[in-house]
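Everything numeric in this text was worked out from a predicted model, so none of it was measured. To find a chain, count down the sequence lines: A is the first, B the second, and so on, and within it residues start at 1.
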Amino acid sequence: MAKKPSIPKGTRDFSPTEIAKRDYIFEIVKKHFRTFGFQPIETPAFENSETLMGKYGDEGDRLIFKILNSGDFMSKVDDATYGSKNSSALTSKISEKALRYDLTVPFARYVVMHQNEIEFPFKRYQIQPVWRADRPQKGRFREFYQCDADVVGANSLLQEVELIQLYDAVFADLKLEGVTIKLNNRKILAGIAEIIGAQNNLVNFTVALDKLDKIGVEGVKKEMLAKGMSEQAIAKARPLFELSGTNAEQLNTLDNLLSDSGEGSKGVEELRFIINTIDDLGLQSAKLEIDVTLARGLNYYTGAILEVAAPEGVDMGSIGGGGRYDDLTGIFGLKDVSGVGISFGLDRIYLVLEELGLFPETLDKTLDVLCINFGEKESMAALKLVTLLRYKGVKADVYPSKAKMQKQMKYANNRNIPYVILIGENEMNHKTFVVKDMASGEQKSYGLAQIQDFIKTL
RNA sequence: GUGGUUGUAGCUCAGCUGGUUAGAGCGCUGGAUUGUGGUUCCAGAGGUCGCCGGUUCGAACCCGGUCUUCCACCCCA
């Protein structure tokens with residue numbers, strides 16, 4: 001007997017209703033990408049392994065889906081490698097391709113490969129699925145979409161400012177109120193590490209700091225001690241744990257704390273410029289907040305670090321993130337091209353909009369009109385009418401078979417079709433059609449020549 | 001990758017310490033209603049209890065494995 005079919009862990013099917021909602025988000029995101037001057041590109045679902053491996057840290061490498069070579073790949077593995085039971089050594093022999101893990105690294109590869117065709121500064125957007133061999137959780141999938149907008153070849157901090165405006169424009173358009181855009185700068189993190197003498201321990205220091213709101217001051221201290229930082233160093237970093245007040249107050253605190261660090265001071269200066277400029281320009285609905293504990297993407301971010309938090313009260317991790325990377329294309333041999341970009345977490349935004357009931361109701365109206373099928377002759381008349389309606393852009397259909405009226409009406413009802421048209425023997429004889437408004441139950445008769453009058457009511 | 005959790009009708013879930021033919025609501029099908037859905041009433045169909053194995057006279061229930069769901073780590077959209 002046929003086994004029950006299934007799909008892999010962490011993947012999903014999308015129903016028509018879900019697609020309508022996802023498209024709603026995609027269209028709004030795309031619209032604003034375009035109004036900010038970004039152009040779309042696409043890259044392959046899979047890349048050469050060497051393009052991806054080593055770009056996301058050890059953890060990232062583990063989460064990359066590898067694709068087996070075609071053909072009799074095991075016969076080409078030498079006995080020593082085979083016998084060693086070393087997964088990574090074996091993997092490189094039997095797998096040369098891997099599924100896209102994010103959109104940023106393939107974009108860097110794209111820029112390097114097409115550098116002679118690209119007009120710099122280049123603003124590109126890209127909306128495609130990515131794959132991670134992660135363990136699924138709520139809002140975490142093994143296949144999910146990223147919507148990225150990046151600018152390469154522009155060093156100006158105005159890019160950061162624009163990207164914050166772009167976030168604000170999209171979330172305002174989605175009617176998602178209360179979103180917080182958190183802003184940090186890697187130079188500040190590096191400066192602090194320098195001041196407290198932990199510059200060689202930057203990653204451990206920031207990873208611990210990142211957990212502040214989760215495990216508290218004591219938890220962070222404990223983790224820093226465990227990672228080899230001294231009591232004095234941690235005491236010096238103490239002002240960070242208690243950083244509070246307005247953005248301006250926090251900037252002043254940081255300025256004092258980092259006055260002895262050239263890099264740190266530069267970070268504060270950059271942060272201040274972005275905050276002040278946004279203050280000047282104003283945001284529609286999002287809040288912009290400094291968050292020095294923000295420490296994502298340290299493998300490549302060199303300047304600004306951005307993260308978007310869902311509105312308070314919604315239990316969802318970040319719904320977007322981004323930052324400045326001065327040398328991403330350097331790994332592919334193109335030096336001194338700065339990039340800065342942001343990403344929208346479509347699947348999470350979907351869950352947040354769903355939870356808050358923010359999808360427009362009109363989304364599941366996939367048909368404006370359904371014609372009841374009364375039989376062979378009548379359905380021909382209905383099809384003629386439907387054809388005219390379709391010419392006018394009205395979403396219309398004829399029920400395909402002469403089923404019971406009850407069944408056809410029920411179908412229209414379940415599909416949320418607002419109008420049902422009836423053309424039976426009577427109507428054919430009088431050259432009319434009857435329109436039933438499904439919400440009110442009212443019926444109105446029109447002459448076949450007066451379609452226009454009906455269309456006006458839609 | 002580590003630790004835990006979940007799986008019973010199309011959907012949401014009951015099912016007592018292991019004891020006959022596994023239940024409900026919603027949905028579905030038919031009828032009340034041969035030109036009228038959404039409300040109401042009546043009737044009906046639908047289940048290898050995730051899968052494989054074990055214990056037992058007897059397993060949805062206990063044990064082992066596996067897949068899946070969700071959660072906490074890790075990391076991250």
Side-chain angles (χ1 to χ4, degrees), chain A residues 1-12 15 25 29 56-64 87 100-104 127-148 203 207-208 210-211 214-215 219 223 294-299 306-310 315-323 341-352 370-375 378 399 402-428 433-443 445:
Chain A
M1 279 289 101
K3 248 173 71 182
K4 268 185 195 166
S6 63
I7 56 174
K9 192 199 315 210
T11 64
R12 297 151 296 161
S15 65
I25 301 174
V29 169
Y56 310 99
D58 292 344
E59 189 66 19
D61 283 358
R62 206 194 79 207
L63 298 177
I64 292 173
S87 298
R100 181 170 55 216
Y101 177 86
D102 74 353
L103 301 180
T104 308
I127 301 179
Q128 287 189 279
V130 302
W131 295 269
R132 296 186 186 178
D134 207 353
R135 196 177 282 211
Q137 278 179 39
K138 182 174 187 171
R140 285 178 89 159
F141 307 97
R142 302 178 100 178
E143 177 184 63
F144 63 96
Y145 274 77
Q146 284 194 334
C147 317
D148 276 25
V203 170
V207 165
D210 192 37
K211 293 178 186 164
K214 215 172 196 174
I215 60 179
E223 176 154 344
L294 186 59
R296 59 192 305 289
L298 281 173
N299 280 312
L306 284 158
E307 184 167 294
V308 183
D315 185 24
M316 185 63 62
S318 65
I319 54 175
I342 57 171
S343 180
F344 289 81
L346 166 84
D347 299 275
R348 289 189 177 180
I349 293 171
Y350 181 105
L351 291 170
V352 171
L370 179 76
C371 282
I372 298 292
N373 186 329
F374 284 99
E378 293 90 339
Y399 196 87
K402 184 197 164 189
K404 279 193 177 176
M405 166 95 80
Q406 272 188 59
K407 191 178 167 72
Q408 299 190 44
M409 290 299 277
K410 200 163 184 170
Y411 176 83
N413 195 59
N414 291 347
R415 287 220 22 208
N416 285 314
I417 300 167
Y419 295 100
V420 166
I421 288 181
L422 300 95
I423 304 179
E425 214 183 329
N426 261 333
E427 287 77 15
M428 285 186 73
F433 62 96
V434 168
V435 176
K436 173 162 182 156
D437 179 333
M438 293 297 278
S440 67
E442 281 169 26
Q443 296 191 179
S445 184

What's the closest nucleotide to the [X] side chain, out of [options]?
X        : options                : value
A/Arg348 : B/rC75, B/rA77, B/rA72 : B/rA77
A/Asn414 : B/rC28, B/rC74, B/rA77 : B/rC28
A/Gln406 : B/rU36, B/rA77, B/rG37 : B/rG37
A/Phe374 : B/rC75, B/rG35, B/rC28 : B/rG35
A/Lys9   : B/rC75, B/rU69, B/rU36 : B/rU69
A/Lys407 : B/rU29, B/rG37, B/rG31 : B/rU29
A/Arg132 : B/rG35, B/rC74, B/rA77 : B/rA77

Subject >> Aromatic stack A/Phe144/B/rA77: centroid gap under 5.5 Å, interplanar angle under 30° >> reply: yes

Counting the atoms with a prime plus P, OP1 and OP2 as sugar-phosphate, which does [X] contact under 4.0 Å by heavy atoms, base, sugar-phosphate, or nothing?
X        : answer
A/Gly10  : sugar-phosphate
A/Asn426 : base
A/Ser318 : sugar-phosphate

Rounding to an integer number of Å, can you tell me how far [X] [atom1] sits from [N] [atom2]?
X        : N      : atom1 : atom2 : answer
A/Glu425 : B/rU36 : CD    : P     : 16 Å
A/Asp437 : B/rG37 : CG    : P     : 16 Å
A/Phe141 : B/rC70 : CZ    : C1'   : 12 Å

Original post:
Per the atom types in the model, does the base of B/rG38 pair as donor or acceptor with the side chain of A/Asn413 at under 3.5 Å?
Top reply: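 Not at all, since no donor on one side and acceptor on the other fall under 3.5 Å apart.
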
Subject >> Polar side-chain contact A/Lys436-B/rU36 base: donor and acceptor under 3.5 Å >> reply: yes

Original post:
Is there a side-chain contact between A/Tyr419 and A/Asp437, using heavy atoms and a 4.5 Å cut-off?
Top reply: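 Answer yes - side chains close enough.
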
Original post:
What one-letter contact string describes nucleotides 3-8 of chain B from 5' to 3', where B marks a base within less than 4.0 Å of any protein heavy atom, S marks contact via sugar-phosphate atoms alone, and - marks no contact?
Top reply: B-----

**OP:** Provide the Watson-Crick or G-U wobble partner of B/rC62, both distances under 3.5 Å; none if there is no partner.
**Re:** B/rG54

**OP:** May I ask which nucleotide in the shown strands pairs with B/rC70, Watson-Crick or G-U wobble, both distances under 3.5 Å?
**Re:**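 The base-pairing partner of B/rC70, which may sit in any strand shown, is B/rG4.
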
